[in-house]
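Proteins come first, then strands; the chains are lettered A, B, ... in the order of their sequence lines, and each starts at number 1.
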Protein chains: 2
Amino acid sequence: MNVVIPLYPRFTALDAVGPYTVLAFAPGWTVTFAAAEAGPVTDDQGTLTLMATASYADVPAPDVIVVPGGPGTLDVLEDEALVGWIRQAHEHTRWTTSVCSGSLLLGAAGLLQGVKVTTHWAILEFLTRYGAEAVSERVVGEGKIVTAAGVSAGIDMALTLLAQATDVETAQSVQLAIEYDPRPPFSCGSPKTAPEGMAARALGLIS
Amino acid sequence: MNVVIPLYPRFTALDAVGPYTVLAFAPGWTVTFAAAEAGPVTDDQGTLTLMATASYADVPAPDVIVVPGGPGTLDVLEDEALVGWIRQAHEHTRWTTSVCSGSLLLGAAGLLQGVKVTTHWAILEFLTRYGAEAVSERVVGEGKIVTAAGVSAGIDMALTLLAQATDVETAQSVQLAIEYDPRPPFSCGSPKTAPEGMAARALGLIS
């Protein structure tokens, strides 16, 4: 399977690298980072730079696309190089997926009309502007559109996809290889469990 | 706080980018990727290249170092540029940490004698050659040495460190910002819970 992860300025690193690590560990899977032009792309903190090794023109027909999110999403919603590529690549994919605010780019590409979708908790209501049915879940799949909640949720999504694309045992072997046996030190990863006032504080970190 | 993550060829991407994302989201924290020379460093899959923006000489006295692991660890255990930097930086750190096989580099730097340490489940016994007391836990701290289990465990370690360095609420706000509310689709992230035969299959993916 050929997976492409498009990068754009001010993406959130873990949105891209979580699913990357899961899928790139899978035997026979290749994951390529792409951008309008091959070259360096810097993240939302300004301190992590990943190399895109392909241009969108180089990868017109991937099996899977994983669109990461980040504060930079809002700046590229009308970037036709990216959005047009998503729209066209989607015609060829087995799965078209997003992590966090990457879902807005699927929306901008016109792919979410009437589709059940999730995203980062802070922007869930934004999805309705694209005609999507926004739901608060960790990973949501409807047809070939698969979306994950914020940032770290891409790891769960990638393992879910991998099991569907191959078999449960292959996904389990990757999970064990990356020792994905999470033990968050706090029960604060969702607004449903976070203490009062924490959502406002978290929003201050990401806006 | 100034955090430095050293990179070397064939590191595992999530080992570095998990803790990076947690710590770089923390207000006032700066995370720098370093290498012997500033420039691109490619991961264990050969498909992800991160830019080191500093040389080791540029960052002699960080507050925290996070040494990632990966198949490439074994090739740099005698690399004095890296190991010597770890040894010297450790004199200045508040915490000297590792993810996955990065622990072997702390051992090679002579920092683990008599220290309780963890690492990826597959190489736990290797730590004893450095005089360490190897334990099978998610995150282990003893004094200023803090070590995490395989790959994804760096996220848990970084949240734990952040709470100690600042306060619980700051760590919780980052956890909520990155929506770290993990929902692994399988209970297979540890050899303790994985089905029989899965460890051998996982080893085939990482060796």
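With hydrogens and angles ignored, the 3.5 Å screen pairs no side-chain donor or acceptor of A/Thr147 with any backbone N or O of A/Val117. With B/Trp121 contributing its side chain and A/Leu176 its backbone, the two residues share a donor-acceptor pair below 3.5 Å. Listed for the A/Ser152 side chain is a donor-acceptor partner under 3.5 Å among the backbone atoms of B/Ile178. Between the side chain of A/Gln172 and the backbone N or O of B/Ala194, no donor-acceptor pair lies under 3.5 Å.
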(request) Show your reasoning for whether side-chain contact (heavy atoms from CB on, under 4.5 Å) applies to B/Val41 and B/Phe11. (result) CA-CA 9 Å; B/Val41 185; B/Phe11 70 102; 4.1 Å; yes
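Put simply, of A/Val22, A/Thr42, A/Thr170, A/Thr193, the one with the most heavy-atom pairs under 4.5 Å next to chain B is A/Thr170. Among A/Lys192, A/His120, A/Met157, the residue making the largest number of heavy-atom pairs under 4.5 Å with chain B is A/His120. Comparing B/Asp181, B/Ile155, B/Val151 by heavy-atom pairs within less than 4.5 Å of chain A, the highest count is held by B/Asp181. Considering only heavy-atom pairs separated by less than 4.5 Å from chain B, the leading option among A/Ala13, A/Ala149, A/Ser173 is A/Ser173. In terms of heavy-atom pairs under 4.5 angstrom with chain A, the leader among B/Ala202, B/Cys188, B/Gly150 is B/Cys188. Counting heavy-atom pairs under 4.5 Å between each of B/Ile206, B/Thr49, B/Val31, B/Asp44 and chain A puts B/Thr49 at the top. Per-residue heavy-atom pair counts under 4.5 Å with chain B were compared for A/Pro191, A/Pro184, A/Ala16, and the maximum is reached by A/Pro184. Among B/Thr12, B/Leu48, B/Leu50, B/Val174, the residue making the largest number of heavy-atom pairs under 4.5 Å with chain A is B/Leu48. Contacts with chain B were tallied for A/Pro182, A/Pro195, A/Ala200, A/Gly18; A/Pro182 has the most, counting heavy-atom pairs under 4.5 Å.
Contact between B/Thr118 and B/Glu137 at its shortest, heavy atoms only, is OG1-O, 3.2 Å. Counting all heavy atoms, side chain and backbone alike, A/Tyr8 lies closest to A/Val76 at CD1-CG2, 3.8 Å. Of all non-hydrogen atoms in A/Tyr130 and A/Ala108, the two that sit nearest each other are CE2-N, 3.6 Å.
To the nearest 0.5 Å, the span separating OG1 on A/Thr119 from CG on A/Leu112 amounts to 9.5 Å. Atom CH2 of A/Trp29 and atom CD of B/Gln45 lie 13.5 Å apart (nearest 0.5 Å). Rounding to the nearest 0.5 Å gives a distance of 7.0 Å between OG1 of B/Thr128 and CD of B/Glu125. Taken from CD in A/Glu133 to CG in A/Leu127, the straight-line distance is 11.0 Å, to the nearest 0.5 Å. Between A/Asp15 atom CG and B/Glu179 atom CD the span is 10.5 Å, to the nearest 0.5 Å. Once rounded to the nearest 0.5 Å, the distance linking CZ of A/Phe25 with CG of A/Leu23 reads 11.5 Å.
Of residues 158-169 of chain B, those residues lying under 4.5 Å from chain A by any heavy-atom pair are B/Leu159, B/Thr160, B/Ala163, B/Asp167, B/Val168, B/Glu169. Residues of residues 89-106 of chain B lying within less than 4.5 angstrom of chain A, judged on heavy atoms, are absent.
The existence of a salt bridge linking B/Arg138 and B/Asp156 is confirmed by a sub-4.0 Å separation between a basic side-chain nitrogen and an acidic carboxylate oxygen. Between A/Asp43 and A/Arg10 there is no salt bridge, since none of the side-chain N atoms of the basic residue sits less than 4.0 Å from a carboxylate O of the acidic one.
Heavy atoms of A/Ile5 lying under 4.5 Å from chain B are absent altogether. Within the 4.5 angstrom heavy-atom criterion, only side-chain atoms of B/Tyr20, from C-beta onward, approach chain A. Residue contact with chain B, scored on non-hydrogen atoms closer than 4.5 Å, involves the side chain of A/Thr21 exclusively. Looking at A/Val139, there are no atoms closer than 4.5 Å to chain B (heavy atoms on both sides), in backbone or side chain. At a 4.5 Å heavy-atom cutoff, B/Leu203 makes no contact with chain A through either its backbone or its side chain. Of the two parts of A/Tyr180, the backbone and the side chain both hold a non-hydrogen atom closer than 4.5 Å to a non-hydrogen atom of chain B. Proximity to chain B is absent for every atom of A/Thr32, based on heavy atoms less than 4.5 angstrom apart.
Looking only at side-chain heavy atoms (C-beta outward), B/Ile65 and B/Trp85 come within less than 4.5 Å of each other.
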